[in-house]
Amino acid sequence: MATTQIAVIVLLGLLVATNIHITEAQLGVCYGMMGNNLPSHSEVIQLYKSRNIGRLRLYDPNHGALNALRGSNIEVILGLPNVDVKHISSGMEHARWWVQKNVKDFWPDVKIKYIAVGNEISPVTGTSSLTSFQVPALVNIYKAIGEAGLGNDIKVSTSVDMTLIGNSYPPSQGSFRNDVRWFTDPIVGFLRDTRAPLLVNIYPYFSYSGNPGQISLPYALFTAPNVVVQDGSRQYRNLFDAMLDSVYAAMERTGGGSVGIVVSESGWPSAGAFGATQDNAATYLRNLIQHAKEGSPRKPGPIETYIFAMFDENNKNPELEKHFGLFSPNKQPKYNLNFGVSERVWDISAETNSTASSLISEM
């Protein structure tokens, strides 16, 4: 009896320790589906679970994926795709229908944490035709979530990229472009008033590959041995922190100092363009996973971060977009990564669940 109790305590202790590490990591992975050779939804969700990945981003409300997520305890960023933004903005009846079919019908079996209304909509890119519909769509979905009784559980936001930032150097002087303020200011105001974070896609890779003469590879890969940017009392050794803190500064300048940030995408391609190598990608991803626990000079503490992406997706273009996956479509890992705990510990813990249950039942 005493031996059994000790075994249970030790085994359950391992589980608790594992869960603490998962929480500290604040990590998720984006589940893109633009490939014709990807595993089934149920296989994908099982892969998330077996690799200890506790958060996931979906770009649209794919019901196959949502059904596979039922009971998984994986937290989800649920995307409302750009093609639906205009329609949702046109009336509350459309927002209510969307929330009923894609949120309420799966809640609480699926732990939806955020709804991302649009992805990288911007006045200065090919999505400029959608900009006038962005805030009305945000408001309508927010109201529909509230009417559904989920306002305390699900935050409504949008995902933006760095094209909206006009100045990012030094990070403390970060600001939105003057010609997009009419677009960004109402979004920041909405997020401030609803206490929701801004979702930001941050890619040091693109900054480095577009300007390798000014940005060093070690600075982009978190491997710079010394401080690269001294910004008042803050010191920056990596580009990720500098980019993140420039967005914080930009929001503070527009009355959004209380608005948090979730890094809704970050990654590094393993092939297809300048600087896109297996070694560089592995270095960036390992360091990003570690760094997400630490925070930036402006905002110390864990950074909720979603790695792009789960799989290489062969239907994407240009070529480098096909090579952002952590896994090949056959589910084989491209890199040896540790999502908060070692795979060995996770395997032990998975076995421990059943072992502990059987031991308890025998006591």
Side-chain angles (χ1 to χ4, degrees), residues 26-32 34-35 57 59 119-120 122 124-126 159-169 171 174 198-225 228-229 236-248 261-292 294-296 303-328 333-337 339:
Q26 301 271 336
L27 284 164
V29 180
C30 302
Y31 177 14
M34 293 183 67
R57 180 180 179 183
Y59 289 90
N119 182 49
E120 298 185 347
S122 169
V124 294
T125 66
S159 185
V160 302
D161 64 16
M162 295 297 293
T163 63
L164 299 176
I165 299 295
N167 183 52
S168 59
Y169 183 86
L198 179 64
L199 310 180
V200 186
N201 299 340
I202 295 179
Y203 285 95
Y205 167 76
F206 289 112
S207 297
Y208 161 70
S209 63
N211 193 11
Q214 296 295 318
I215 298 172
S216 73
L217 183 60
Y219 187 51
L221 293 178
F222 297 94
T223 58
V228 177
V229 174
Y236 291 86
R237 294 172 181 262
N238 67 80
L239 183 55
F240 178 90
D241 278 351
M243 295 171 74
L244 176 62
D245 281 359
S246 73
V247 182
Y248 272 120
I261 289 176
V262 170
V263 178
S264 45
E265 287 182 19
S266 192
W268 195 287
S270 59
F274 174 79
T277 69
Q278 191 89 5
D279 285 347
N280 285 348
T283 299
Y284 180 79
L285 293 167
R286 287 193 195 102
N287 290 331
L288 175 64
I289 289 168
Q290 179 61 37
H291 190 71
E294 301 167 3
S296 69
I303 310 165
E304 187 172 348
T305 302
Y306 293 75
I307 296 172
F308 186 85
M310 195 63 170
F311 299 102
D312 285 343
E313 299 172 63
N314 64 358
N315 285 341
K316 298 193 78 172
N317 285 300
E319 181 64 25
L320 86 162
E321 294 285 349
K322 304 178 194 289
H323 302 284
F324 274 91
L326 302 183
F327 295 87
S328 299
K334 292 167 60 180
Y335 317 102
N336 180 22
L337 300 176
F339 291 94

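Residues take their numbers from the sequence shown, with the count starting at 1.
Shortest non-hydrogen contact noted between E319 and G272 is CG-CA, 3.9 Å. Taking both residues in full, the closest heavy atoms of Y335 and G325 are given as CE1-O, 3.5 Å, listed atom of the first, atom of the second, then distance. The minimum heavy-atom distance linking T305 with A292 is given by the pair OG1-CB, 4.0 Å.
Side-chain contact between V160 and S122 is absent, with no heavy atoms from C-beta onward closer than 4.5 Å. You'll find the side chain of T163 reaches within 4.5 Å of the side chain of T125, heavy atoms only. Within the 4.5 Å cutoff, the side chain of L239 has no heavy atoms near those of the Y203 side chain. Under the 4.5 Å side-chain criterion, counting only non-hydrogen atoms from C-beta, R286 is in contact with L337. The closest side-chain heavy-atom distance from T283 to T223 is below 4.5 Å. In this structure, the side chains of S266 and P204 come closer than 4.5 Å at one or more pairs of heavy atoms. Proximity of P171 to M243: side-chain heavy atoms (C-beta onward) are nowhere separated by under 4.5 Å.
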*Take D312 and K322 through the test side chain to side chain contact (heavy atoms under 4.5 Å, CB included) and record every step on the way to the result.*
CA-CA 5 Å; D312 285 343; K322 304 178 194 289; 5.8 Å; no
*Could you check F240 against L288 for side chain to side chain contact (heavy atoms under 4.5 Å, CB included), going step by step and ending with a plain yes or no?*
CA-CA 9 Å; F240 178 90; L288 175 64; 3.8 Å; yes
*Check the pair H291 / D241 against side chain to side chain contact (heavy atoms under 4.5 Å, CB included), numbers first and verdict last.*
CA-CA 9 Å; H291 190 71; D241 278 351; 2.6 Å; yes
*Going through the distances and angles, do L320 and W268 end up as a side chain to side chain contact (heavy atoms under 4.5 Å, CB included)?*
CA-CA 9 Å; L320 86 162; W268 195 287; over 6 Å; no
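With L285 as reference, L326 is the one residue of L326, N280, L221 to meet the side-chain contact (heavy atoms from CB on, under 4.5 Å) rule. Remark: of the listed residues F222, Y219, Y208, F308, F222 is the sole one forming a ring-ring contact (aromatic ring centres under 6.0 Å, His included) with Y284.
Note that CD1 of I307 and CZ of R57 are 14.0 Å apart. Values are rounded to the nearest 0.5 Å. Atoms CG and CD1, on D161 and I202 in that order, are 10.5 Å from each other to the nearest 0.5 Å. Distance CD/E321 to NZ/K316: 4.5 Å, rounded to 0.5 Å. Rounding to the nearest 0.5 Å gives a distance of 9.5 Å between CD of E313 and SG of C30. Atom CG of N238 sits about 9.0 Å away from atom CD of E294, to the nearest 0.5 Å. To the nearest 0.5 Å, the span separating CG on L244 from CD1 on I261 amounts to 5.0 Å.
With 3.5 Å as the limit, one finds a donor-acceptor pair spanning the side chains of S159 and S264. Side-chain contact check for K334 and S328: no donor-acceptor pair (N or O, by modelled atom type) lies under 3.5 Å. T277 and D279 form no side-chain donor-acceptor contact under 3.5 Å, judged by distance and modelled atom types alone. Donor-acceptor pairing under 3.5 Å is lacking for the side chains of Y306 and E265. N201 and N119 share a donor-acceptor pair across their side chains, judged by distance under 3.5 Å alone. Donor-acceptor pairing under 3.5 Å is recorded for the side chains of D245 and S296.
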